[in-house]
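Here the structure is a predicted model, which means the values were calculated and not measured. Atoms considered below: every heavy atom in the structure, side chains included; atoms not considered: hydrogens, waters and symmetry mates.
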Amino acid sequence: MERLFESENLVIKVRAQSDKSRWVVTFDNYGIGHGFERLGFGEAFFADNGVSALHVMGRREDWYQYPEIKQALAAVREFTKGASRVMTYGSSMGGYAAVRFAEPCAAHIALALSPQYSIDPRRAPFEKRWLSDSRRIEFLREIDGPITSETRTIIAYDPRTDDRRHVELIKGDIDIEEIPAPFTGHPVTTFLSEIGLLKSMVISSLDGTIDAKECRKLIRRSRSNSSIYYASLAEFSKDRNEERAKSLAEHAVSLKPDSPLALLSLTRVLFAGGDVSGAIRASERMVELAGRDYHYLVPLADYLSAEGRHEEALLIAREVLELGDNQKSPHLNAWLGFIASSAGEDEESRHALERAIQLDPSNEKYVQAFRRIHTPATSSFYNRVKMFLRQKRALGRPRTPASSRQS
């Protein structure tokens with residue numbers, strides 16, 4: 001496979017089709033996978049539809065904060081020079097890049113689905129979804145600063161989520177065309193695919209014929225057939241009207257019985273209503289349908305632990321940590337520590353929480369949990385962490401250079 005650009009942090013993969021007059025430049029979504037021996041975002045879709053594409057792939061979830069990104073984007077600009085149409089495209093983290101990098105790529109249009117403006121706590125203090133990453137990343141002002149772009153920019157998002165606040169910040173810098181889709185969750189990509197609108201949005205954006213107003217009409221017309229729409233409504237309602245939430249969640253599952261996402265919402269509604277056994281039964285079905293994907297194993301373990309089935313929960317938690325790169329996740333290590341503690345496995349709990357602190361030493365919640373569970377008043381490890389936190393408060397939060405991060 002031809003590579004247009006390659007560094008320790010970045011690879012740009014070339015997937016040329018017979019029509020080389022139009023190019024889509026895609027950027028990774030969060031969780032797509034580490035390393036470069038994988039598909040880029042939308043790679044199979046564009047290949048199947050005969051669309052030439054460049055896939056900009058990062059080594060991990062770094063929001064493209066790499067010093068060499070300017071050089072990489074210049075290579076894209078040079079490679080696509082003379083093309084009749086160039087579009088940047090991405091979802092979530094990839095949407096962040098699609099908006100910010102449209103101008104450097106000389107794109108005619110940017111299509112961003114549920115993008116962030118920034119996850120730097122100094123620029124988006126409300127953003128709590130990727131805290132471990134935001135503490136780890138060294139944000140580069142030339143990448144993460146104010147957006148400058150004259151490129152036509154289309155943004156689809158759920159205004160009932162924090163994505164609305166990101167969109168407001170983006171609008172403060174550049175002109176955009178909005179496609180709000182309430183009660184569709186993050187990212188909106190899954191909902192658009194479910195109602196059959198995603199493909200036409202992508203192709204019409206590339207053609208330059210997309211009509212944001214018409215897309216909004218189609219969303220309103222089609223959402224009544226979407227399990228994701230009803231699942232999102234259910235979760236919104238679960239703390240307001242328990243019966244309505246359960247009815248909405250069950251309707252979501254009836255629309256798409258084999259959808260792990262619909263079942264996930266049902267489990268959350270059941271658990272919030274106190275039906276832990278029902279949440280476990282639905283979760284077991286969900287996990288089976290999802291091929292034991294760890295995103296669905298985590299809530300099952302939580303429900304089992306809540307019902308007092310601690311050993312079963314711990315077995316699942318151990319399985320989660322063995323999958324992929326999860327051992328490098330501070331959040332999942334801390335979670336294992338809590339599950340292990342509930343199961344009476346104090347040594348395993350201690351080691352898991354220590355790993356979480358080592359992976360994210362500026363997270364004081366992990367230190368507080370370690371102290372609360374294991375009372376390590378005389379622990380040399382705990383005392384080293386206390387010293388680090390004192391220094392951090394005195395000197396400011398630590399930074400990890402992008403060039404030295406582990407993948």
Quiz item: Quick one: does NZ or CZ of R223 land under 6.0 Å from the six-membered ring centre of Y230, within 45 degrees of the ring axis?
Solution: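 No cation-pi geometry.
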Practice problem: Test side-chain contact (heavy atoms from CB on, under 4.5 Å) on W63 and D133 and set out the steps. | Solution: CA-CA 9 Å; W63 269 258; D133 298 290; 4.2 Å; yes
Quiz item: So do I179 and M201 actually touch side chain to side chain, heavy atoms under 4.5 Å?
Solution: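 They are in side-chain contact.
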Practice problem: Working to the nearest 0.5 Å, report the span between CD of E319 and CG of N326. | Solution: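 Between E319 CD and N326 CG, I get 10.5 Å after rounding to 0.5 Å.
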Quiz item: Between the side chains of Y303 and T267, does any donor sit under 3.5 Å from an acceptor?
Solution: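 Yes.
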Exercise. Kindly assign one of parallel, tilted or perpendicular to the pair W130 and Y30, based on the angle between their ring planes and the thresholds 30° and 60°.
Key: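 The rings of W130 and Y30 sit tilted, inter-plane angle from 30° to 60°.
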Practice problem: Compare every heavy atom of E2 with every heavy atom of F79, then report the nearest pair and how far apart it is. | Solution: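 The answer is CE1-OE2, 4.4 Å.
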Quiz prompt | R135/D360 salt bridge by N-O under 4.0 Å criterion | solution =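 Here D360 pairs with R135 in a salt bridge, since their nearest N and O are under 4.0 Å apart.
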Self-check item: Non-hydrogen side-chain atoms of H310 and E345 separated by less than 4.5 Å
Solution: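 Result no, sub-4.5 Å side-chain heavy-atom pair not found.
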Self-check item: D162 vs Y157 side-chain heavy atoms within contact, under 4.5 Å
Solution: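 Side-chain contact under 4.5 Å: no.
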Quiz item: Shortest non-hydrogen contact from V188 to A181?
Solution: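 The pair with the smallest heavy-atom distance is CG2-CB, 3.9 Å.
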Practice problem: Step by step, work out the side-chain contact (heavy atoms from CB on, under 4.5 Å) result for K328 and R60. | Solution: CA-CA 12 Å; K328 298 177 183 178; R60 65 178 298 180; 5.7 Å; no
Quiz item: Is there a side-chain contact between F126 and L169 (heavy atoms, below 4.5 Å)?
Solution: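 With C-beta onward as the side chain, the pair touches.
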Self-check item: Side-chain donor or acceptor of H108 paired with backbone N/O of V86 under 3.5 Å
Solution: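 Yes, because the side chain of H108 sits within donor-acceptor range (under 3.5 Å) of the backbone of V86.
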Quiz item: With a cut-off of 6.0 Å (strictly less than), are more than 12 heavy atoms of other residues, nucleotides or ligands near NZ of K20?
Solution: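 Atom NZ in K20 is crowded, with more than 12 foreign heavy atoms closer than 6.0 Å.
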Quiz item: Can we say K171 and E168 salt-bridge, meaning some charged N sits less than 4.0 Å from an Asp/Glu carboxylate O?
Solution: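 Salt bridge present between K171 and E168.
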Exercise. Drop me the distance from E235's CD to L266's CG, to the nearest 0.5 angstrom.
Key: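 Answer rounded to 0.5 Å: 10.0 Å.
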Practice problem: Please report the C-alpha distance between R123 and R141 in whole Å, then the side-chain angles of each, then the deciding distance to 0.1 Å, and finally whether the side-chain contact (heavy atoms from CB on, under 4.5 Å) criterion is met. | Solution: CA-CA 11 Å; R123 299 179 63 74; R141 181 169 175 78; 4.2 Å; yes
Quiz item: Salt-bridged, D158 to R160, with N to O below 4.0 Å?
Solution: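 Looking at D158 and R160, the cut-off is not met.
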Self-check item: Considering all heavy atoms, the nearest I109-S205 contact
Solution: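 I109 and S205 have their closest heavy atoms at CG2-O, 3.3 Å.
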Quiz item: Is E243 salt-bridged to K246, going by a charged N under 4.0 Å from an acidic O?
Solution: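 K246 and E243: not salt-bridged.
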Quiz item: Do the side chain of S342 and the main chain of F338 share a donor and acceptor less than 3.5 angstrom apart?
Solution: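 Yes; at least one donor-acceptor contact below 3.5 Å.
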Quiz item: Can you find a side-chain donor-acceptor pair between D144 and S118 that sits under 3.5 Å?
Solution: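 Checked: D144/S118 side chains pair up, N/O donor to acceptor below 3.5 Å.
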Quiz prompt | Rounded distance [0.5 Å steps], OG in S329 versus CG in D325 | solution =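 Atom-to-atom, S329:OG and D325:CG are 10.0 Å apart.
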Quiz prompt | Sidechain-backbone polar pair: R100 side chain, Y117 backbone, donor-acceptor under 3.5 Å | solution =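 The answer is yes, because a donor-acceptor pair under 3.5 Å joins these two groups.
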Quiz prompt | Smallest separation among heavy atoms of A262 and A231, with atom names | solution =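 Where A262 meets A231 most closely, the heavy atoms are CA-CB, 4.5 Å.
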Self-check item: Side chain N49, main chain F45, donor-acceptor under 3.5 Å
Solution: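 Between the backbone of F45 and the side chain of N49 there is a qualifying donor-acceptor contact (under 3.5 Å).
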Quiz item: Do S227 and E194 meet the criterion of a side-chain donor-acceptor pair at a distance under 3.5 Å?
Solution: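 There is such a pair (donor and acceptor under 3.5 Å, judged by atom type) between the side chains of S227 and E194.
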Exercise. Enter the distance from S341:OG to F370:CZ here, rounded to the nearest 0.5 Å.
Key: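 Answer rounded to 0.5 Å: 11.5 Å.
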Practice problem: Assert yes or no for the condition that the ring centre distance of F41 to Y89 is strictly below 6.0 Å. | Solution: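 Close enough - the centres of the two rings lie under 6.0 Å apart.
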Quiz item: Should L10 and V56 be marked as a side-chain contact (heavy atoms from CB on, under 4.5 Å) after you check the CA-CA gap, both sets of side-chain angles, and the distance that decides it?
Solution: CA-CA 7 Å; L10 283 167; V56 186; 4.2 Å; yes
Practice problem: Look only at the side chain of R59 and the backbone of V11, and say whether a donor-acceptor pair between them is shorter than 3.5 Å. | Solution: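 No, because the side chain of R59 does not come within donor-acceptor range (under 3.5 Å) of the backbone of V11.
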Self-check item: Electrostatic pair K81:E78 at N-O distance under 4.0 angstrom
Solution: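 Yes, K81 and E78 are salt-bridged.
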Quiz item: With the threshold set at 4.0 Å, does a side-chain nitrogen-carboxylate oxygen contact exist between R129 and D163?
Solution: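 Counted as a salt bridge, because a side-chain N and a carboxylate O are separated by less than 4.0 Å.
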Quiz item: Rounded to the nearest 0.5 Å, what separation is found between the CE atom of M93 and the CD1 atom of I119?
Solution: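 Rounded to the nearest 0.5 Å, the CE-CD1 separation comes out at 9.0 Å.
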Quiz prompt | Min side-chain heavy-atom separation F5-V76 under 4.5 Å | solution =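 They are not in contact (no side-chain heavy atoms under 4.5 Å apart), so the answer is no.
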Self-check item: Side-chain heavy-atom pair V99, S149 within 4.5 angstrom cut-off
Solution: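 Answer no - side chains too far apart.
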Quiz item: Judged by modelled atom types alone, do D302 and W335 share a side-chain donor-acceptor pair under 3.5 Å?
Solution: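 A donor-acceptor contact under 3.5 Å links the two side chains.
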Quiz item: Backbone N or O of E103 within a donor-acceptor pair of the E150 side chain at under 3.5 Å?
Solution: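 Side chain of E150 to backbone of E103: no pair is present.
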Quiz item: Do R22 and D19 sit within salt-bridge range, that is, some charged N less than 4.0 Å from a carboxylate O?
Solution: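 So R22 pairs with D19 through a salt bridge.
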Quiz item: Do Y366 and H331 come within less than 4.5 Å of each other through their side chains, counting heavy atoms only?
Solution: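 Touching, per the 4.5 Å side-chain cut-off.
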Quiz item: Looking only at heavy atoms, what is the nearest atom pair of A16 and W23, with distance?
Solution: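 It is CB-CH2, 3.7 Å.
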Exercise. For the residue pair E127 and H166, confirm or rule out a side-chain donor-acceptor distance under 3.5 Å.
Key: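 The criterion, which ignores hydrogens and geometry beyond distance, is satisfied for H166 and E127.
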Quiz prompt | Residue E142 excluded, over 12 heavy atoms near CD under 6.0 Å | solution =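 More than 12 heavy atoms, drawn from other residues, nucleotides or ligands, come within 6.0 Å of this atom.
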Quiz prompt | Donor-acceptor contact below 3.5 Å, side chain S247 vs main chain R244 | solution =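 No; judged by distance alone, with no hydrogens or angles, the pair does not exist.
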Quiz prompt | salt_bridge(R285, D258) N-O dist < 4.0 Å | solution =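 Salt bridge: yes.
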Exercise. Check for a donor-acceptor pair, side chain of S114 on one end and backbone N or O of S92 on the other, with a separation under 3.5 Å.
Key: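 The answer is no, because no donor-acceptor pair under 3.5 Å joins these two groups.
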Quiz item: Any side-chain heavy atom of L353 within less than 4.5 Å of one from N333?
Solution: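 Side chain of L353 against side chain of N333, heavy atoms only: no contact under 4.5 Å found.
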Quiz prompt | Inter-residue atom distance D211.CG - K217.NZ, 0.5 Å rounding | solution =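 Spacing of CG (D211) from NZ (K217) equals 8.0 Å.
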Quiz item: Does atom CD of E311 have more than 12 heavy-atom neighbours, drawn from other residues, nucleotides or ligands, at distances under 6.0 Å?
Solution: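 Count not over threshold, so no.
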Quiz item: For the residue pair E43 and R38, what are the closest heavy atoms and their distance?
Solution: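 Between these two residues, the closest heavy atoms are OE1-O, 4.3 Å.
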